[in-house]
Amino acid sequence: MSDNAPEVDFDHHSTEYARDPWAANIALNSRTPVAHSRHHGGFWLVTGYDQAAEVTRQPELFSSAHEVPNTPGRPQGTVVPASSFRGLPLEIDPPEFMEWRRALNGFFSPPAARTLRPRIQRYATWCVDRCIADGEIDLVLDLSNPVPALITLDMVGLPLDDWEVYAEAVHALVYTLPGTPEFARVEAGFAQLIETVRELIPKRRAQPGDDLLSFLTQLEIGGTRISDEDIVAVCNAVIPGGVDTTTALLANTFDYLDRNREARRRLIETPEMIPQVCDEFLRYYTPVMGAGRTVMADTTIGGCPVGKGDRVLLSWAAANLDAKVFPQPDVIDLDRDAHKQAAFGMGIHRCIGRHIARMDFEVMVGEVLRRMPDYRIVDGAAEKYPTVGQINGYVKMPARFTPGPRIGPAAATAAALSSMEN
């Protein structure tokens, strides 16, 4: 690191950062859009929108594929500090990455997301139906976490009998502080979910269906069928990426609409606005706070020298608050054109599941505003994540509303809903 490089005391997993990441991010991107932090082994923090875009345009210089030194097989490419789970194709660079991306696009394209909409709607209706007569719901635990979990597990091809266990494991994984005994327990819960994936692989190889897991068992990359470990690595990325990221976006949106009644009124009266405002909520409430890279050769970021082997953290949350791109970044403006938001990342590694996430948002926000338009979050009962280093969301969000009638099919289980025709 250069002797005159800007140094900041920044830890994205700290309680100080979690208290007000918006103020911290605006202060950083306005003063030091590229700076160095000594936390978590040391890394370059990139908070400026243009500087983050510069990095993502150069995958040959800023690699997503990297292992922890002296720990073969343990990835750290896209997470700071290092993850215990390898994720594909997040942690692959071109040209191999492009072949993976092309192969997976069919499952995550806009037409595929539209095909999933009836199932998303059924799960959303079912979850609301379970609470609607009581006039009480936890907007996280009863809705925003279950629906993305159900549609993700269904799409992957996992049995839905234990969906609540899986949903809670993924939920807790992102808000538990790394390095703590509790995090080790949560990681073990997620590992059990992945063990279920391993057990299903030989069955899907023998009798493939139309789910993602079956597709992966037949997939060839570079002329060779991918391994069981590669299949697991794809699920390591798809399952958390499809579940708690959307949960966080929805929870923050429901919190905002609880505190801003005029905005809620506009969306109730003009529900066609809901898909349009998704980008602005993504911009302000960026669910995935950032992504890691590794410097492959001495170079610069925004004119700041960085060295080969250095770690880089691209802060999507801070880039989305860059006033040069989004004037008055600390204000949610439902009429803002925020299509350039970086919540899904930038460049070739932009989130492959973004179209499904948007569909989840559209369906669930619409369901809540249509069926419980007067909901109010219980004072002091909502609990934010203690660390927002990975995902900025809520542990729970109890709310009350005027009770209403059930409207969905009288299915007793989520598995029964999954078997219904679209």
Side-chain angles (χ1 to χ4, degrees), residues 64-68 71-79 81-93 96-97 99-108 148-163 165-174 176 178 183-245 288 291-292 349 351-353 356 390-391:
S64 296
H66 185 70
E67 293 183 349
V68 176
T71 314
R74 184 180 179 191
Q76 74 166 21
T78 59
V79 181
S83 168
S84 298
F85 300 101
R86 176 171 171 251
L88 291 179
L90 295 175
E91 295 182 312
I92 305 177
D93 293 323
E96 184 185 8
F97 171 82
E99 187 173 358
W100 276 89
R101 188 69 176 232
R102 285 192 294 270
L104 293 171
N105 271 342
F107 267 87
F108 300 95
L150 285 164
I151 196 64
T152 301
L153 296 172
D154 194 357
M155 182 184 69
V156 170
L158 293 174
L160 296 185
D161 296 336
D162 296 323
W163 72 267
V165 175
Y166 298 154
E168 173 53 29
V170 176
H171 186 45
L173 186 68
V174 299
T176 305
F183 188 78
R185 185 192 69 79
V186 169
E187 275 197 316
F190 183 73
Q192 183 57 47
L193 166 58
I194 297 305
E195 187 58 33
T196 302
V197 172
R198 292 184 188 278
E199 293 169 359
L200 286 172
I201 289 173
K203 299 176 183 178
R204 295 293 196 274
R205 285 199 191 278
Q207 292 184 304
D210 59 0
D211 52 73
L212 177 62
L213 192 55
S214 295
F215 171 79
L216 293 171
T217 64
Q218 313 302 311
L219 177 62
E220 293 185 359
I221 297 292
T224 303
R225 185 165 290 187
I226 67 172
S227 67
D228 288 7
E229 288 306 309
D230 282 349
I231 294 173
V232 168
V234 173
C235 292
N236 284 341
V238 168
I239 294 173
V243 180
D244 212 69
T245 54
V288 180
H349 284 86
C351 175
I352 195 173
I356 298 173
Q390 282 186 271
I391 307 290

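Atom set for the values below is all heavy atoms of this structure, side chains included, hydrogens, waters and symmetry mates excluded.
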Shortest non-hydrogen contact from Thr176 toward Phe183: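 Answer, listing the atom of Thr176 first, then Phe183: O-CD1, 3.2 Å.
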Would you name the heavy atoms of Ala103 and Leu219 that are closest together and state the gap between them?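 For Ala103 versus Leu219, the nearest heavy atoms are CB-CD1, 3.6 Å.
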Not counting sequence neighbours, which residues clear salt bridge (Lys or Arg N to Asp or Glu O under 4.0 Å) with Glu229? List them please.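 So Glu229 forms a salt bridge (Lys or Arg N to Asp or Glu O under 4.0 Å) with Arg198.
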For Asp228, check salt bridge (Lys or Arg N to Asp or Glu O under 4.0 Å) against everything at least two apart and list the hits.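 Once residues adjacent in sequence are excluded, the partners of Asp228 under the salt bridge (Lys or Arg N to Asp or Glu O under 4.0 Å) criterion are Arg205.
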Please enumerate all residues that pass side-chain hydrogen bond (donor to acceptor under 3.5 Å, both in side chains) together with [X], with sequence neighbours excluded.
X: Glu195; result: none
X: Arg225; result: none
X: Asp211; result: Arg204, Ser214
X: Thr196; result: Tyr166

[atom2] on [Y] to [atom1] on [X], rounded to 0.5 Å:
X: Leu173; Y: Ile391; atom1: CG; atom2: CD1; answer: 9.5 Å
X: Leu193; Y: Leu153; atom1: CG; atom2: CG; answer: 6.5 Å
X: Arg102; Y: Ile221; atom1: CZ; atom2: CD1; answer: 8.5 Å
X: Gln218; Y: Ile226; atom1: CD; atom2: CD1; answer: 10.0 Å

Got a donor-acceptor contact below 3.5 angstrom from the His349 side chain to the Ile92 backbone?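 Judged by distance alone, yes, a pair lies under 3.5 Å.
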For Glu220, does the CD atom sit with more than 12 other heavy atoms under 6.0 Å from it, leaving out its own atoms?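 Yes.
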Got a list of side-chain donor-acceptor pairs under 3.5 Å for residues 234-245, not counting sequence neighbours?
from	atom 1	to	atom 2	distance (Å)
Asn236	ND2	Arg86	O	2.8
Asp244	OD1	His171	ND1	2.6
Asp244	OD1	Tyr385	OH	3.4
Asp244	OD2	Tyr385	OH	2.3
Thr245	OG1	Gly241	O	2.5

Test of understanding: with ring pair (Phe, Tyr, Trp, His ring centres under 6.0 Å), list the residues that count as partners of Phe107, not counting sequence neighbours.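 If we apply the ring pair (Phe, Tyr, Trp, His ring centres under 6.0 Å) test to Phe107, skipping adjacent residues, the hits are Phe215.
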Those residues that, when tested against Phe108, pass ring pair (Phe, Tyr, Trp, His ring centres under 6.0 Å) (two or more places apart):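 None.
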Any side chain to side chain donor-acceptor pair (under 3.5 Å) pairs touching residues 148-158, not counting sequence neighbours?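 Listed once each, the pairs are Arg119-Asp154, Tyr123-Asp154, Asp154-Ser418.
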Partners meeting side-chain contact (heavy atoms from CB on, under 4.5 Å) with Ala169 (sequence neighbours left out):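 Ala169: no side-chain contact (heavy atoms from CB on, under 4.5 Å) contacts found.
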Partner of Leu216 by side-chain contact (heavy atoms from CB on, under 4.5 Å), out of Leu104, Ile201, Leu88: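 Of all the options given, the one that passes is Leu104.
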Starting from the C-alpha separation in whole Å, work towards a yes-or-no answer on side chain to side chain contact (heavy atoms under 4.5 Å, CB included) for Leu158 and Trp163. CA-CA 9 Å; Leu158 293 174; Trp163 72 267; over 6 Å; no
